[in-house]
Amino acid sequence: MFDLTGKNALITGASGGIGGSIAHALHGAGATVALSGTRVEPLEALAAELGSRAHVLPCNLSDAEAVTALPKQAAEAMGSVDILVNNAGITRDNIFMRMSEEEWSSVLDVNLTSTMRLCKGVMRGMMKARWGRIVNISSVVGATGNPGQANYAASKAGMVGMSKSIAYEVASRGITVNCIAPGFIATAMTEKLNDEQKAAILGQIPAGRMGDAQEIGAAVLYLASPEAAYVTGATLHVNGGMAML
Amino acid sequence: MSDVADRVRKIVVEHLGVEEAKVVENASFIDDLGADSLDTVELVMAFEEEFGIEIPDDAAETIQTFGDAVKFISSAQ
């Protein structure tokens, strides 16, 4: 089950904790991976860790031209892009009353618009192949909202609506488009929280712990697998029960 | 008709699974040949590949019939 031998996957935000776990999961199932991100060093380190079947493709997702070029580079490096995981994302938190246009648009650009561009860039190949998997990493916040994150929540909710629409259009071509909405996942970012903040967060999570990045990787692996062919337009919530949607 | 027309017709017949006789000058891909909007995108992709040309989106939208396709491709070559 969940064998990805011979499949080629492009993963954005692969230099981060969750992106790295996604890369490990897909690569471990036999896929060839193209690792994208802004920081070259962690990407190179991850590629070295994975060994064979790993390509490094640095890309700044706020640069429209670079984003448009990325699927082509990935297809050149691997032969095709059968699986696209839009995992990269940024936050620019501020209370709504103080949120600047720039804070709004930079988050929407990177999180939502670049996802659109990458989906578009891989579609032709997937249509021809009559097979494709797109997994967009949304967030629990896109469904529940979060104070200080109007921009981030809008981008993540936008991803869900966009994914469902694309899913409709391409379902007959063997292409699925799904979202994963992680809750609190233990990463370098959450390590910076103090004990009080951590306790407050854990109080909201029935599972009583933060999620592990590997648990997101496993969810992506499922949605990318041949076995998930009949799952499309769905959002898989991986949040320890903090929002049962 | 020309060699272009024959090649275009072959692609249309293969892609849409229609009878060759139905692929006439004024045959609309959507209204007469049963294509959906995604089929028309795929036809344009197939034309691009067959003839080694690029058909921009705004031009693709004007290609509604078999005749449109032949005319566009002939002038683009």
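FYI, side chains are in, hydrogens and waters are out, and symmetry mates aren't considered; it's all heavy atoms of this structure.
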Check your understanding: Just wondering, do A:V231 and A:L236 contact through their side chains at under 4.5 Å, heavy atoms?
Key -> no
Point to revise | B:V8 and B:F66: CA distance, side-chain angles, deciding distance, side chain to side chain contact (heavy atoms under 4.5 Å, CB included) verdict | key: CA-CA 8 Å; B:V8 171; B:F66 172 66; 3.5 Å; yes
Review point. Do A:P58 and A:L35 have side-chain heavy atoms sitting under 4.5 Å apart?
Key: no
Check your understanding: Out of curiosity, B:I55 CD1 to B:T62 OG1, how far, rounded to the nearest 0.5 Å?
Key -> 9.0 Å
Review point. Does B:T65 offer a backbone N or O that forms a donor-acceptor pair with the side chain of B:D68 under 3.5 Å?
Key: yes
For chain B and chain A, what donor-acceptor pairs lie under 3.5 Å, backbone included?
from  : atom 1 : to     : atom 2 : distance (Å)
B:D39 : OD1    : A:R173 : NH2    : 2.7
B:E42 : OE1    : A:R130 : NH2    : 3.4
B:E42 : OE1    : A:R173 : NE     : 3.2
B:E42 : OE1    : A:R173 : NH2    : 2.8
B:E42 : OE2    : A:R130 : NH1    : 2.7
B:E42 : OE2    : A:R173 : NE     : 3.3
B:E48 : OE1    : A:R124 : NH1    : 3.1
B:E48 : OE1    : A:R124 : NH2    : 2.5
B:E49 : OE2    : A:K128 : NZ     : 2.2

Practice item. Answer yes when B:D3 and B:R7 have at least one side-chain N-carboxylate O distance shorter than 4.0 Å, and no when they do not. Key: yes
